[in-house]
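Worksheet: the structure to be examined is printed underneath.
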Number of protein chains: 2
Amino acid sequence: MILELQWEALLSRAGCRITEPRRVVMRVLEQAQRPLTPQEILERGKLLHPNLGLVTVYRTLELFESLDLVCLVHREGGCHGYLLSAPGHRHVLMCDSCGRAVEFPGQDDLAQLIDRVQQHTGYAVGDHLLQLFGLCPECQEASGSSVP
Amino acid sequence: MILELQWEALLSRAGCRITEPRRVVMRVLEQAQRPLTPQEILERGKLLHPNLGLVTVYRTLELFESLDLVCLVHREGGCHGYLLSAPGHRHVLMCDSCGRAVEFPGQDDLAQLIDRVQQHTGYAVGDHLLQLFGLCPECQEASGSSVP
DNA sequence: ATTACTGCAAACGTTTTGCAATTAC
DNA sequence: GTAATTGCAAAACGTTTGCAGTAAT
């Protein structure tokens with residue numbers, strides 16, 4: 001609820017309009033809780049708003065990303081998806097099995113590592129990209145009982 | 001030199017042939033020392049081997065990646081490139097200004113962080129993707145003297 | 001001589017652009 | 001009423017596939 005108000009206020013403040021397609025994309029991302037490709041967002045969005053267009057999905061994601069409402073998740077394979085993101089929490093932990101993703105802070109631990117790397121390499125580290133992959137609690141149970 | 005012998009031996013052992021296009025792609029990556037897109041590799045490679053084809057670049061990169069000779073570097077923007085990689089060292093530190101990239105190990109520091117995240121979330125973390133971005137020593141000097 | 005490899009052309013999927021109609025403000 | 005936004009069609013882009021010719025072993 002709080003989130004719903006927040007993003008609408010953010011858009012308004014940025015001089016953007018609250019439209020049905022934007023509401024639909026936001027609702028799809030809220031319900032998914034895992035990274036979705038623009039195609040996937042379109043498919044799910046069409047169920048709520050049948051004449052939603054793919055171009056609008058792309059433009060909405062671009063807008064949401066510029067407002068930090070959404071973040072891009074990378075995989076080794078190169079495929080990537082968009083995930084709803086609480087601002088400030090920039091690291092993603094994603095389940096390899098069901099795709100569910102959660103975010104975690106972890107600034108402090110990383111600061112240590114970054115310090116060490118800076119000393120060893122002479123680089124001045126600014127930004128970083130950290131994403132973890134594994135099994136969520138539900139999928140651990142599932143694989144534990146069905147595939148022992 | 002040692003690297004040169006190493007990759008040729010690796011290919012032979014895998015039942016692959018040492019061909020001119022593959023030598024060219026390897027030389028281009030060696031000389032670049034920063035992530036290059038397939039297009040960029042083609043352009044530079046054509047200078048050494050004019051009738052090099054883009055398809056061959058893709059297939060060569062696919063092969064090199066499967067042998068861990070090369071790794072894929074992601075950027076927030078979504079663009080990505082291929083970087084020559086010493087096997088085992090899986091983390092990339094790339095200069096925002098000149099693009100030069102180095103690799104660093106950092107397994108221990110990360111293990112601590114991963115432990116903490118596992119306890120907090122209940123996820124069983126397997127793989128991870130960590131990439132740092134900043135300024136290399138040369139670009140720090142350059143920006144320090146020209147743009148104070 | 002055998003068979004992996006190359007390069008072209010063409011297919012393919014994803015992302016971007018131009019524009020007239022629509023809709024939020 | 002005004003201006004941002006939408007959705008379509010089409011263009012642009014990056015990547016993959018099929019296949020006949022070439023080259024490494």
Side-chain angles (χ1 to χ4, degrees), chain A residues 4-5 7-28 35-67 69-70 72-82, chain B residues 4-5 7-28 35-67 69-70 72-82:
Chain A
E4 187 135 341
L5 294 174
W7 76 263
E8 298 198 353
L10 245 154
L11 252 65
S12 290
R13 220 172 304 145
C16 300
R17 293 175 181 177
I18 315 301
T19 66
E20 192 55 21
R22 286 172 184 174
R23 262 193 286 261
V24 167
V25 170
M26 183 52 77
R27 198 161 314 151
V28 166
L36 297 179
T37 64
Q39 273 296 345
E40 290 173 320
I41 294 170
L42 177 71
E43 284 160 24
R44 294 167 186 225
K46 268 184 182 292
L47 301 177
L48 304 171
H49 185 67
N51 63 332
L52 179 66
L54 182 57
V55 179
T56 302
V57 172
Y58 274 100
R59 287 194 276 227
T60 301
L61 290 171
E62 192 185 352
L63 172 65
F64 283 1
E65 201 180 5
S66 75
L67 295 173
L69 289 167
V70 131
L72 195 57
V73 178
H74 302 261
R75 293 303 317 263
E76 275 304 343
C79 60
H80 50 268
Y82 287 87
Chain B
E4 187 135 343
L5 293 174
W7 75 263
E8 298 198 354
L10 244 156
L11 252 65
S12 289
R13 221 171 304 145
C16 301
R17 293 174 179 175
I18 315 300
T19 66
E20 191 55 19
R22 284 172 185 176
R23 263 192 285 260
V24 167
V25 170
M26 184 51 78
R27 199 161 313 152
V28 166
L36 296 180
T37 64
Q39 273 296 345
E40 290 174 321
I41 294 170
L42 177 71
E43 284 158 25
R44 294 167 186 225
K46 268 183 180 292
L47 301 176
L48 305 171
H49 185 67
N51 64 331
L52 178 67
L54 183 57
V55 178
T56 302
V57 173
Y58 274 100
R59 286 194 277 228
T60 301
L61 290 172
E62 191 185 352
L63 173 65
F64 283 2
E65 201 181 5
S66 76
L67 295 173
L69 288 168
V70 132
L72 194 56
V73 177
H74 301 261
R75 293 304 313 265
E76 274 304 344
C79 59
H80 51 268
Y82 287 87

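On a predicted model such as this, the values are computed, not experimentally measured, just so you know. Throughout, protein chains are lettered first and strands after them, A, B, ... in sequence-line order, and every chain is numbered starting at 1.
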- Would you check, one step at a time, whether the test side chain to side chain contact (heavy atoms under 4.5 Å, CB included) holds for A:Val55 with A:Arg59? CA-CA 6 Å; A:Val55 179; A:Arg59 287 194 276 227; 3.2 Å; yes
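- Atom OG1 of B:Thr37 sits about 10.5 Å away from atom OH of B:Tyr82, to the nearest 0.5 Å.
- By the salt bridge (Lys or Arg N to Asp or Glu O under 4.0 Å) test, A:Glu43 is found to be paired with no residue, residues two or more places apart in sequence or in another chain being considered.
- Within residues 55-62 of chain B, the residues having any heavy atom under 4.0 Å from DNA chain C are, by residue number, B:Val55, B:Thr56, B:Arg59.
- A:Ile18 CD1 to A:Glu8 CD: the interatomic distance, rounded to the nearest 0.5 Å, is 5.0 Å.
- Within residues 46-54 of chain A, the residues approaching DNA chain D are A:His49, A:Asn51, A:Leu52, A:Gly53, by heavy-atom distance under 4.0 Å.
- Under the 3.5 Å distance criterion, the side-chain polar atoms of B:Lys46 are matched with a main-chain donor or acceptor of B:Leu52.
- For the side-chain contact (heavy atoms from CB on, under 4.5 Å) with B:Leu61, the lone residue among B:Ile41, B:Leu69, B:Thr56 that qualifies is B:Ile41.
- Axis deviation across the helix from C:dA1-D:dT25 to C:dC25-D:dG1 amounts to 40°, comparing end segments of five pairs, rounded to 10 degrees.
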- Message: Strictly under 4.0 angstrom, non-hydrogen atoms only: write out the protein contact profile of nucleotides 20-25 of chain D, one letter per nucleotide from the 5' end, B, S or -.
- Response: ---BBS
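- Running 5' to 3' along DNA chain C, contacts with non-hydrogen atoms of chain A at under 4.0 Å begin and end at C:dT14 to C:dC25.
- Of the listed residues (B:Val28, B:Val24, B:Leu54, B:Leu36), just one forms a side-chain contact (heavy atoms from CB on, under 4.5 Å) with B:Leu42, and that residue is B:Leu54.
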- Task: Test side chain to side chain contact (heavy atoms under 4.5 Å, CB included) on B:Leu11 and B:Phe64 and set out the steps.
- Result: CA-CA 9 Å; B:Leu11 252 65; B:Phe64 283 2; 4.2 Å; yes
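- Listed here is the closest heavy atom pair of B:Pro35 and B:Glu40: O-OE1, 4.0 Å.
- Taking the side-chain contact (heavy atoms from CB on, under 4.5 Å) definition, one finds that A:Ser66 meets it with A:Leu63, sequence neighbours left out.
- Applying the salt bridge (Lys or Arg N to Asp or Glu O under 4.0 Å) test to residues at least two apart or on different chains, the pairs with a partner in residues 10-21 of chain A are A:Glu20-A:Arg23.
- Among all heavy-atom pairs drawn from A:Trp7 and A:Met26, the shortest one is NE1-CG, 3.2 Å.
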